[in-house]
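One structure below.
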Amino acid sequence: MDKILSLITEEVSKAFAQKGYSENFGKSSRSNRPDLCEYQCNGAMAAAKVYHKAPFLIADEIKEALNDNKLFESVESVKPGFLNIILNKQFLADYLNGMDSDQRYGCDKAKKKKTIVIDYGGPNVAKPLHVGHLRTAIIGESIKRIQKFMGHEVFGDVHMGDWGLPMGLIMTELKVRKPQLSYFDSGYCGEYPKEAPFTLTELEEIYPYASSYAKEHPEYKEDAMQATVYIQQGIPGYKALLEQILKISVEDLKKNYGNLNVSFELWKGESDAQPFIPAMVEKMKKDGFAHVSEGALVVDVKEDTDTKEIPPCIIEKSDGASLYATTDLATLVQRMQDYHPDEILYVVDKRQDMHFVQVFRCARKIGIIPDTVKLEFLGFGTMNGKDGKPFKTREGGVMRLETLLSDINEQMYEKIAENHTVEEEEGRKTAKMVALSAIKYGDLSNQASKDYVFDLERFTSFEGNTGPYLLYTIVRMKSILTKYSKAGKNAEQYRILPAHSESEKELMTVISGFNAMMENASLENAPHKVCSYLYELANAFNHFYHETKIMIEENQEIQGGYIKLLILTKNIMETCIDVLGFEAPDRM
RNA sequence: GCACCUGUAGCUCAGGGGAUAGAGCGGUGGAUUCCGGUUCCACAAGCGGGGGUUCGAAUCCCUCCAGGUGCGCCA
């Protein structure tokens, strides 16, 4: 469906053209003075300059031309040259009925379907997820869902940190503890065992131990570096062991991401990119892009227009080992080969901005990424505590994601159980859903690029601009619908009617903006726009609901119309929270 | 030192050339006992400071101030 603003703009533009002005002045928008009108057009003021004519005279002419237009209840020309527009109620009702009969509530899929890869995980294997992984998961998942909703093909890639010295450290420590394992026997030619020789808990304990041990014992670190080389060389035992580590880790990661309602299409890691490195490096050498500087192999990526120093992209360290940028570049090679994306989006901490500038430039320079493919870095800000400093546990450490989630779930359960009697099982399930809405909405309602304050007390409140408040609104709507159908009624036969009240019209107006909002959120990768829309919609509904006694309305057609409006509101709200990555329970 | 980002009400955040800058929380004073706890009204209070561009600036430009972050072999 055409967006309602497009329809309005179209009519106003026609009026401008009809009166001899450029139709470009017809661009209209939602009014910023709701007390005066619903929509406005400021084109007359801009036109005044071009045509050397008083703006209000132009506005008067346009008003004149729009007087009998079916779309508008009224068009007024005001003071300097504003055009104040109020929409025709029947037109609005028709528009909403159109939305209602559309599976997508009036929001068309994008005209050009794109293939997009989103990189939004970055967990390290053998290390538990912690709060530092929360934002990328929440934001990335939401952007993925928004883009999918718009009809694009999207691959979410967890892109695990499963390469480099950390892996070598783990293996070195394993060898110390369990030297008898066949993985370490270079003469071993048989099958390696199917079962991993360690548990997840062991694994999580081994890495930090090995890491700190290596800092104080150079010879141990030497071993770890050697082990790293073995892994890189693909020595069978080490390769097999890495696979075991991955298997155990991925299983756990899936569980934890699952609790966040986050999922990935691709479970790739840095190790998957390694096979692409040799040929890539060879080519950039051959093409003359890579050269040795200060002992390292680098590609210059600075440009004349830079206002600051952009260091070269380091491909190989002086000892020949590859690093972060190399892996990311090789990953790009792999992604181009496997998915042919139109766009690759990184949802990563904004402190890594520089790194991605280097990688992107390098990728274009050496020809991995053609100009037709868009590379985008969406850097998000830090999650701070209420003191405004990075979020830490009371002891000053990094909090495990599992701990954070279970704490919040528990808190939410108590809150729910306090207010009414629920079955333990249902209560726990509901608490989990509400808690997730609290965390996700708390994060997503801020602009991703800014730092934000993680204030649990505020996020979990049932009042104000919070996830639980939105869920509550939806739950109440469900409750009304249940009552309605229990009375033996069915709203199918009815249509949404022209608004009977100001609050109903306001609700209808907000609903009609759904498609424009969604399209915009998609273009800007901006979940927070979905959030503010949701909140506006919930408020508009609550206002309407407060003033309108739906259940005692005697006129069946009017009541049916209300119910239809309520259903549409609920469906849109549910669509919105779905793209944000959470869902509403039936009761709470 | 250089560069980038941020600075909007007491607090947390929207708004990114147009009319009187919006919410939520908190505060004060009222109305409401209503389809589930959800609502409304009023009051107090704000675009970090200073210049400039424009008919019009929270929004664009310059400058200063404050905070955060980043600046070749970590990821």
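Numbered from 1 within each chain, the chains take letters A, B, ... in sequence-line order. The structure presented is a predicted model; accordingly, all values stated were derived computationally and were not measured.
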Collect all protein-nucleotide pairs involving nucleotides 24-26 of chain B in which both atoms are nitrogen or oxygen and the distance is under 3.5 Å.
| from | atom 1 | to | atom 2 | distance (Å) |
| --- | --- | --- | --- | --- |
| G24(B) | O2' | Asn465(A) | N | 3.3 |

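- Counted within 6.0 Å of CD on Gln226(A), heavy atoms from surrounding residues, nucleotides or ligands total more than 12; the atom is thus considered enclosed.
- Taking a 6.0 Å sphere around NZ of Lys549(A), one finds it holds more than 12 heavy atoms contributed by other residues, nucleotides or ligands.
- Listed here is the closest heavy atom pair of Ser13(A) and Gly26(A): OG-CA, 3.5 Å.
- A salt bridge (Lys or Arg N to Asp or Glu O under 4.0 Å) check over residues 468-479 of chain A, counting only residues at least two apart or in different chains, returns the pairs Lys478(A)-Glu574(A), Lys478(A)-Asp586(A).
- Across all strands, Met477(A) comes closer than 4.0 Å to no nucleic acid atom at all (heavy-atom distances).
- Nucleic acid contact for His355(A): none, since no nucleic acid atom lies under 4.0 Å from a heavy atom of the residue.
- Closest heavy-atom contact between Cys362(A) and Leu329(A): SG-CD1, 3.7 Å.
- Applying the side chain to side chain donor-acceptor pair (under 3.5 Å) test to pairs two or more places apart or on separate chains, those with a residue in residues 39-50 of chain A are Gln40(A)-Asn42(A).
- For Asn84(A) and A19(B), a side-chain-to-base donor-acceptor distance below 3.5 Å is present, hydrogens and geometry of angles not being considered.
- Classification of G22(B) as anti follows from a glycosidic angle more than 90° from 0.
- Remark: the Thr172(A) side chain and the Asp223(A) side chain contain no N/O donor-acceptor pair separated by less than 3.5 Å.
- Across all strands shown, Asn446(A) has heavy atoms under 4.0 Å from sugar-phosphate atoms exclusively, and none from any base.
- C2(B) and G50(B) have their C1' atoms separated by 25 Å, given to the nearest Å.
- The side chain of Arg476(A) sits closest to U38(B) out of G15(B), A19(B), U38(B).
- Contacts of residues 545-566 of chain A with RNA chain B (heavy atom under 4.0 Å): Tyr545(A), His546(A), Thr548(A), Lys549(A), Ile550(A), Met551(A).
- When each of G15(B), A19(B), G16(B) is scored by its nearest atom to the side-chain atoms of Lys450(A), the top-ranked nucleotide is G16(B).
- Nearest heavy atom pair, residue Asn124(A) against residue His133(A), reads N-NE2, 4.4 Å.
- Residue side chain Phe82(A) meets the stacking definition with respect to A19(B): its ring centre sits within less than 5.5 angstrom of the base's six-membered ring centre, and the planes differ by less than 30 degrees.
- Residue pairs that meet the ring-ring contact (aromatic ring centres under 6.0 Å, His included) test with at least one member in residues 306-327 of chain A, sequence neighbours left out, are Tyr324(A)-His355(A).
- To the nearest whole angstrom, the two C1' atoms, one in G15(B) and one in G24(B), are 15 Å apart.
- Residue His159(A) places none of its side-chain N or O atoms closer than 4.0 Å to OP1 or OP2 of A75(B).
- A gap of 44 Å separates the P atoms of C35(B) and G18(B), to the nearest Å.
- Lys489(A) has its NZ atom 15 Å from the P atom of C35(B), to the nearest Å.
- Take Asp353(A) and apply the salt bridge (Lys or Arg N to Asp or Glu O under 4.0 Å) test, not counting sequence neighbours, and it matches no residue.
- Nucleotides U8(B) and G48(B) are separated by 6 Å at their P atoms, to the nearest Å.
- Residue-environment remark: NZ (Lys63(A)) exceeds the threshold of 12 foreign heavy atoms within 6.0 Å.
- Taking side-chain N and O atoms only, Thr327(A) has no distance below 4.0 Å to OP1 or OP2 of A75(B).
- At a cut-off of 3.5 Å, with distance as the only test, a side-chain donor of Ser503(A) or Glu547(A) sits close to an acceptor on the other residue.
- Between Arg135(A) and the choices Asp349(A), Thr382(A), Asp443(A), the side chain to side chain donor-acceptor pair (under 3.5 Å) rule is met once, by Asp443(A).
- Spacing between G17(B) and C60(B) at atom C1', rounded to whole Å, works out to 8 Å.
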Could you spell out the base pairing of RNA chain B as a dot-bracket line? Use Watson-Crick and G-U wobble contacts where both distances are under 3.5 Å, [ ] for crossing pairs, | for partners on a different strand. (((((((..((((........)))).(((((.......)))))....(((((.......))))))))))))....

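- Looking at heavy-atom distances under 4.0 Å, Asp349(A) makes no contact with the nucleic acid at all.
- To the nearest whole angstrom, the two P atoms, one in C65(B) and one in C73(B), are 31 Å apart.
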Could you list, one pair per line, each protein nitrogen or oxygen that sits under 3.5 Å from a nitrogen or oxygen of nucleotides 62-68 of chain B, together with the distance?
none

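- Among the atoms of the strands shown, base atoms are found under 4.0 Å from some heavy atom of Asn32(A).
- Shortest non-hydrogen contact noted between Ala273(A) and Thr331(A) is CB-OG1, 3.3 Å.
- Distances were taken from every side-chain heavy atom of Lys483(A) (C-beta onward) to each of G16(B), A19(B), G36(B); the shortest belongs to G36(B).
- The side chain of Arg587(A) lies closest to G36(B), out of G36(B), G18(B), G15(B).
- Counting only residues at least two apart or on different chains, the ring-ring contact (aromatic ring centres under 6.0 Å, His included) pairs with a member in residues 462-485 of chain A are Tyr469(A)-Tyr535(A).
- When distances run from any side-chain atom of Asn542(A) to the nucleotides G15(B), G36(B), U38(B), the shortest one goes to U38(B).
- Taking atom C1' on both G46(B) and G68(B), the two are 22 Å apart, rounded to the nearest angstrom.
- Here Leu36(A) lies in heavy-atom contact (under 4.0 Å) with a base.
- Residues passing the side-chain contact (heavy atoms from CB on, under 4.5 Å) test with Asn490(A) are Glu492(A), sequence neighbours excluded.
- In this structure, Tyr484(A) reaches neither bases nor backbone, as no heavy-atom distance under 4.0 Å exists between it and the strands shown.
- Taking atom CD1 of Ile474(A) as the reference point, atom P of G36(B) lies 18 Å away to the nearest angstrom.
- Asp157(A) and Tyr120(A) share no side-chain donor-acceptor pair at under 3.5 Å.
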List every contact pair, protein side and nucleotides 70-74 of chain B side both N or O, where the distance is under 3.5 Å.
| from | atom 1 | to | atom 2 | distance (Å) |
| --- | --- | --- | --- | --- |
| G72(B) | O6 | Ser293(A) | OG | 3.2 |
| G72(B) | N1 | Glu294(A) | OE2 | 3.1 |
| C73(B) | O2 | Ser318(A) | N | 2.8 |
| C73(B) | O2 | Ser318(A) | OG | 3.2 |
| C73(B) | N3 | Ser318(A) | OG | 3.2 |
| C73(B) | N4 | Glu294(A) | O | 2.3 |
| C74(B) | OP2 | Lys317(A) | NZ | 3.1 |

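- Judged purely by distance below 3.5 Å, without hydrogens or angles, the side chains of Tyr220(A) and Lys215(A) never pair a donor atom with an acceptor atom.
- Sorted by first and then second residue, the pairs that involve residues 303-312 of chain A and meet salt bridge (Lys or Arg N to Asp or Glu O under 4.0 Å), not counting sequence neighbours, are Glu303(A)-Arg361(A), Asp306(A)-Arg361(A).
- A straight line from CG of Leu456(A) to P of U12(B) spans 16 Å, rounded to a whole angstrom.
- Nucleotides A58(B) and G51(B) place their P atoms 13 Å apart, quoted to the nearest Å.
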